[in-house]
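Structure, as structure tokens:
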Amino acid sequence: MTPAVGRLTRRSEFLRIARARRKWAAPGLILQTDRFHASSAHDADDRRVGFTVTKKVGNAVIRNRVKRRLRAVAREILPHRARGGFDFVLIGRKGTLIRPFEALKSDLVQALDRTGTLERIADTRNGNHSGSTS
RNA sequence: CCAGAUGGCCGGAUGGCCGCCGCCGCCUUCGGGCGGGGGAGGAAAGUCCGGGCUCCACGGAAACACGGUGCCGGGUAACGCCCGGCGGGGGCAACCCCAGGGAAAGUGCCACAGAAAGCAAACCGCCUGUCCGCUUCGGCGGGCGCGGCAAGGGUGAAAGGGUGCGGUAAGAGCGCACCGCGCCGCCGGUAACGGCGGUGGCAGGGUAAACCCCACCGGGAGCAAGGCCAAAUAGGGGCGGCAGCCGCGUUCGCGCGGCAGAACGGUUUCCAGUUCGCCGUCCGGGUAGGCUGCACGAGGCGUUUGGCGACAAACGCCCUAGAUGAAUGGUCAUCGACCGCCGGUUUCGGCGGGAACAGAACCCGGCUUAUAGGCCGUCUGGCUCA
RNA sequence: GACCCCAUCGUCUAGCCAGGUCUAGGACGUCAGCCUUUCACGCUGAAAACACGGGUUCGAAUCCCGUUGGGGUCG
């Protein structure tokens, strides 16, 4: 069972996560994260993700491609390797476009580890089942 | 074959795995699931023009502003776009480029240089009359002249037609020929304009992407327009100043209604209309929630007919993206136009990289800008062969 | 997405809207020299810009068109 990953769409939520100052920059991406506010509407095990690609990265075509690669890597990693109860913001960089996909995935795992949001159970399950991804 | 001109089209392909957003059908424990079908561009871009659509002004009218366009005719819903022609310029040519109305309605400007820059004028100079000096008697030099001239020199971007011949004291449209220009007439053309003939000795420098004049066009804002629903709430509040008249209520602070008054279109005037106590100052609160607008339209494709063409008409077929932190993809493999390096240097072989510009946001018609490479057609010039 | 505005030395600006001695002026800053035992202050001097590409004009920072880069507003 893979838990669902919600999307962040409100500007105020992005600003809140940026204020938390819990972030780590990898060569392919930057991760910002924060424990989301306890409200009755959300389960404690939920996790949500948003994407930010600024105009500095490139024109609209490049920004779209960067965002799509970030979405693809988040879809593969976040559901079973990120801790529940957190919001994540992935920020695209100039290197996101040309970085190999496997390296981008390990960048995200490393960023989760450095921000203390890597799921420990998923870590052992990864070692048991598939050693090809690392 | 080489060089060039021009018009149109394409602008990565195939497959595996995993995904995203609408639409239709079925099932559903209303969370969703299954199946089918669809899903970026020639510029989607810049937002430079023209429209549709929506709201405001809404009825209007006139004048004045303001902005835009600018040879002629046609096409179009419309245009500053397109087509055909005219004129000017460039090219051997195909062909390309041109904001291309008016400078004898008026105003302004033309720095520096130059005598003079717009009423024309005369610095050097040329010629001449007269006086003086010299003389080899041909002349030379100097002064004076409200004497003549504008050919030559010089300045300038530009100096009041150009070239040649005649003419003259020297010269000059002074005369003549050709060219240019103005005016008149005739002919051709729908017109711009062109041709021919006559006539005038030349008047009228340039600049209108300077003001301007003439002709024509234009009400303003924009889908964050606008409508519906939900939430919130106030008809926001405080302070200071000014508040005409009447009626009602009054807790005597004031409140409500009417008249008056004020505000509102680019300006003014007139009626009509809408809104509202007015002015100044300070303090707040809330909001980028949902649905709709929103995908059948000046729509696309094909054939025929009319037209030089832009395009139009008729008939037939088709439905073709609708997201909203914003879908239309991620990844792997194979093929690959093309590029670089090396060996060979005609063919070819090896290695490495690998598709240009670029992403709909209410929708159309244009323009402009960016764009690796490739395909097809037409035409021009040159060379070779038959 | 729509609608507007701006661009001049390293920085802030004048000149633009009546085109010409504009080779673009000023202030702060920078550099060099003088002054001072030295530094500062002061004095003298120098370097340094019209965003880019076309057009109009004899002549463009100025007028017109296009491009690029910044900035602002929206209920």
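Residue numbers start from 1 in every chain, and the chains themselves are labelled A, B, ... in the order their sequence lines are given, proteins ahead of strands. When reading the values below, keep in mind they use all heavy atoms of this one structure, side chains included, and skip hydrogens, waters and symmetry mates.
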What interatomic distance, in whole Å, is found between [atom1] of [M] and the corresponding atom of [N]?
{"N": "B:C10", "M": "B:G41", "atom1": "P", "result": "11 Å"}
{"N": "B:A224", "M": "B:A314", "atom1": "P", "result": "38 Å"}
{"N": "B:G280", "M": "B:U251", "atom1": "P", "result": "36 Å"}
{"N": "B:G129", "M": "B:G148", "atom1": "C1'", "result": "11 Å"}
{"N": "C:G66", "M": "B:A103", "atom1": "C1'", "result": "30 Å"}
{"N": "B:G359", "M": "B:A323", "atom1": "C1'", "result": "12 Å"}
{"N": "B:G80", "M": "B:G74", "atom1": "P", "result": "15 Å"}
{"N": "B:G36", "M": "B:A358", "atom1": "C1'", "result": "34 Å"}

With a 3.5 Å distance limit and no angle check, can you tell me whether [X] reaches the backbone of [Y] through a side-chain donor-acceptor pair?
{"X": "A:Asp107", "Y": "A:Gly28", "result": "yes"}
{"X": "A:Arg81", "Y": "A:Glu76", "result": "no"}
{"X": "A:Arg83", "Y": "A:Gly116", "result": "yes"}
{"X": "A:Arg35", "Y": "A:Gly85", "result": "no"}
{"X": "A:Arg47", "Y": "A:Phe86", "result": "no"}

key: With sequence neighbours excluded, residues passing side chain to side chain donor-acceptor pair (under 3.5 Å) with A:Thr115   = A:Thr117

Using O4'-C1'-N9-C4 for purines and O4'-C1'-N1-C2 for pyrimidines, with syn meaning within 90° of 0, is [N] syn or anti?
{"N": "B:G253", "value": "syn"}
{"N": "B:G42", "value": "syn"}
{"N": "B:G164", "value": "anti"}
{"N": "B:G22", "value": "syn"}
{"N": "B:A40", "value": "syn"}

request  = Find out whether A:Leu90 and A:Leu108 are in side-chain contact, i.e. whether some heavy atom of one side chain is under 4.5 Å from a heavy atom of the other.
outcome  = yes

key: Protein proximity profile, nucleotides 329-336 of chain B - base contact B, sugar-phosphate-only contact S, no contact -, cut-off 4.0 Å on heavy atoms   = SSS-----

query = Taking for each residue the nucleotide of RNA chain B with the nearest heavy atom, is it A:Phe51 or A:Val61 whose nucleotide lies nearer the 5' end?
reply = A:Phe51

